[in-house]
Amino acid sequence: MNEDHNRSLLELLVKVSREVATALDLRTVLQRVLYACIQYVGGERGSIIVMDDLGKPVDATIVYGKQFHDHTTQQLRETVERGLAGWVVQNQKAALVPDTSKDERWLRRADDAIEKSGPKSAICVPLMARERFVGVLTLVHPVPNAFNEEHLELVQAISDQASVAVLNARLYTETQRTARVMSALAEGAAAINSSLEMQDVLRRILNQTMQALQVETVALGMIDQVSSDLIFQAAAGNNSGSVPGVRVPAGQGLIGKVIHEKRGLVISAVKQGTNFGDADRLNGVEMRAVAIAPIQLHGKVIGVLEAVNPISGTFDPDALVVMTGLGGLAGTTIDNSKLFEQLQNAHRHYRELFEDSIDPILITDWEGRVLEANRQAVALSGYSNDQLRTLSVDQLHEVNWNKAGLSFETIKSGTPCTYESGLLRRDGGALPVEVYARKVEFEDMESIQWIMRDITSRKELDALRDDMTSMIFHDLRSPLGNIVSSLEMMSTLMPEDDTLFSMLNIAKNSTGRIQRLVNSLLDINRLEAGQRIVDQNSIDPVALVRESIRDVEPSVTARQHILTNRALSVLPLIWVDVDMIYRVLTNLLENSIKFTPAGGRIDVGAQTSEDGFFVKFWVRDNGPGIPPAERERIFDKFTRLRGKNKQGGLGVGLAFCRLAVHAHGGDIWVDSEVGKGTTFWLTLPVAQRQSTGKLKRQTGRLTFKPDQPDKEL
């Protein structure tokens, strides 16, 4: 008898194994297992709850006779936590319940009441496969005590046989689900990233979310950087037109929770007043179920994706995974779109500045070929845009290769250059321009930008000013010379103890300063025109310093300065235009007197340079000093220091000094520290012949007279 029973059981198990092994779909496998149990063991209904490797329910099938019944996530949770299935899960062993009304492990529902189905008999066994807990199988008979130990043994045998098939089906389903998720994300990434236009990007994100989740409505909101509120930017689907612009205050509602926790959530059934508030509602959208996922960028939440009302009625288990993945893709794509938008705006702004500039602008490659030209370049050159593109920059103006560097090496190193040149017009004329050239990025390649400012008006004004200056001071020389001569004659006729003699000296000193200014202006014009110095002689630098000091002594006394002569040692003779260098030293001394406060100190000195070819002079004061930005421009013509305490004057003294010293082959520069003082340095060449000479004052000028006694000083 036992052999027949065992044979029958074995045949049954083989049959069940064949039935469940021919399918990989999880729902199909679960249904076949339940059908086999009901058919071969008995009962009116059965259920299988499938568990994952962490012991959480992932799926279930409920059968009433030949009918399948839907279940909810809440039902699964309650059954696993408090019902008979929960006891089996916790203890991982089978349970036989002859009468459900007498067993506390049975989770009583409404249909267990006596006036309805009443007490039942139940069997609940674990599904174990390869030492892994796969799930729980429950079989229910409408009659109490209908099941016994033999039925329990049979159900356990069937479940043992079917567990491997259930595990394989679960793994297959998970694989398929992962593949669907990855496929959805891959398709989403391809679609979302196919554009960089912001509105198109938002539209694609919404469409991909709606397609992947099969929902009625999708909305996308971004966090406002100022208020931290979330503002919906776009929406798609049913009644989505009123969604853009909806504002959710920071930290409120489900959206606030998602942003704070940086993870999504799913509300399967919206219940007013419990898990859903006014802050979560979208204008005009009926909300039955909601899924919300964060849009993240570099670990920071910048917005949310919200999906409303699945078409099937419930969200797929993978909905949140897909939405979270799309949220990550959306964050990167939106950021790229913003960067692209900024780049487009910057490019548009540059094009506007380029085209609307009042200055001609050219863009060339490193060979000098013109790549782009603005409207002003076309207008002033007389060439069309196409014609300009056939030319090189050195065909349009004379390049200053000393400034730009051979093959534009200076510009290529990142150093801009500025110089004056002439823009060569198509009609053969030339337009005076100030050229500014620098390295720029143009259409993803390094190029040179040439800005050519029209300086025609400035040149005309400079020429007019120079002509007027030359005319005025040429006309001043003759009457001024007469005044100087008259004052010299009067001083010889008037006794020194006369009270008018001091007034005469003041007049002589003042006219001497005027005469030096006139001569300096005339010398500036000659030196700028490139005329050489022809009236050069050997002179003792110590005597030259001493004579300059003597001429500024009245000003030193008036301002109570302490002027010290450090040029006392024997120095080699220098080869210079005596009157010109005398005026250089006098200008430097007067400059220090002008800017040094009353009671200050001024030193003047001279020494031989280290190589012996030059004599180095210096004039040092303890005045306010010169700011670094001003130290180079103070040698420019008609330039004066800026500031509320600036002194008056034409601003030609230092310009004359630099031109005169450079014309002699020397150099001039300044060292200064703000608040502590200034030192002017200049070098002049040593005379190559050994003739000597002394200074003699004649008609207000210093002239060279050889072999005169030193007492003339």
Side-chain angles (χ1 to χ4, degrees), residues 400 402-403 418-420 434 455 458-459 461-474 476-477 512-537 539 541 544-545 548 551 574-592 594-595 604 606 609 613-619 626 630-641 647 649-672 678-687 701-702 704:
N400 188 326
N402 291 329
K403 295 288 187 70
T418 304
Y419 55 88
E420 291 186 4
E434 182 180 50
I455 57 173
R458 194 184 83 188
K459 285 293 186 182
L461 286 174
D462 286 346
L464 178 61
R465 184 173 59 188
D466 291 342
D467 290 344
M468 289 183 65
T469 301
S470 179
M471 178 185 67
I472 290 171
F473 288 104
H474 271 97
L476 281 176
R477 289 189 75 185
R513 292 184 61 187
I514 296 173
Q515 194 173 43
R516 288 197 299 274
L517 177 60
V518 171
N519 290 334
S520 295
L521 284 168
L522 294 174
D523 285 339
I524 285 175
N525 288 341
R526 286 198 294 265
L527 293 172
E528 285 183 334
Q531 295 182 18
R532 297 179 60 186
I533 298 175
V534 294
D535 188 16
Q536 287 183 260
N537 291 283
I539 187 67
L544 196 60
V545 170
S548 301
D551 270 7
I574 54 176
W575 184 249
V576 295
D577 181 313
V578 177
D579 181 68
M580 190 176 289
I581 298 304
Y582 158 76
R583 281 187 276 117
V584 167
L585 291 173
T586 304
N587 280 344
L588 294 177
L589 285 168
E590 289 180 339
N591 188 75
S592 291
K594 182 191 301 184
F595 287 97
V604 59
S609 64
F613 294 115
F614 293 89
V615 171
K616 181 160 53 173
F617 299 81
W618 73 86
V619 176
I626 302 172
E630 305 281 352
R631 290 174 194 168
E632 189 61 31
R633 62 182 293 273
I634 59 172
F635 291 105
D636 294 338
K637 189 169 58 172
F638 304 114
T639 298
R640 289 176 294 176
L641 291 179
Q647 299 290 329
L650 291 176
V652 297
L654 293 178
F656 161 73
C657 291
R658 180 168 65 176
L659 286 168
V661 171
H662 286 176
H664 282 83
D667 197 8
I668 184 170
W669 68 96
V670 62
D671 291 332
S672 185
T678 301
T679 302
F680 283 93
W681 301 87
L682 64 100
T683 58
L684 293 168
V686 171
R701 288 177 57 90
L702 287 175
F704 177 77

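The figures that follow rest on heavy atoms only: side chains count, while hydrogens, waters and symmetry mates do not. Numbers for residues simply follow the sequence, beginning at 1.
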Indicate yes or no for a side-chain donor-acceptor contact from H664 to the backbone of W575 under 3.5 Å, with no hydrogens or angles considered. no
Min side-chain heavy-atom separation L588-L682 under 4.5 Å: yes
Pairwise distance OG1(T586) to CG(D579) - rounded to 0.5 angstrom: 9.0 Å
Smallest separation among heavy atoms of V584 and C657, with atom names: O-SG, 3.8 Å
Side chain to side chain, D535 and D577, heavy atoms closer than 4.5 Å: yes
Checking K403 side chain against T418 main chain: does a donor-acceptor pair fall under 3.5 Å? yes
Between atom CZ of R458 and atom CD of E434, what is the distance when rounded to the nearest 0.5 Å? 5.0 Å
To the nearest 0.5 Å, tell me how far L654 CG sits from N591 CG. 5.0 Å
Is there a donor-acceptor pair under 3.5 Å between the side chain of T683 and the backbone N or O of D667? yes
Quick note, salt bridge (charged side-chain N to carboxylate O under 4.0 Å, His left out) partners involving residues 652-665, not counting sequence neighbours, are E632-R658, D636-R658
Min side-chain heavy-atom separation I626-F680 under 4.5 Å: yes
Rounded to the nearest 0.5 Å, the CG atom of L544 sits from the CG atom of L684 at a distance of 8.5 Å
Determine whether F617 and I574 make a side-chain contact, defined as any pair of heavy atoms from C-beta on separated by less than 4.5 Å. yes
Assign the ring pair W669 / W681 to parallel, tilted or perpendicular, where the plane angle (0 to 90°) is split at 30° and 60°. parallel
From Q536 atom CD to M580 atom CE, the distance as rounded to the nearest 0.5 Å: 9.0 Å
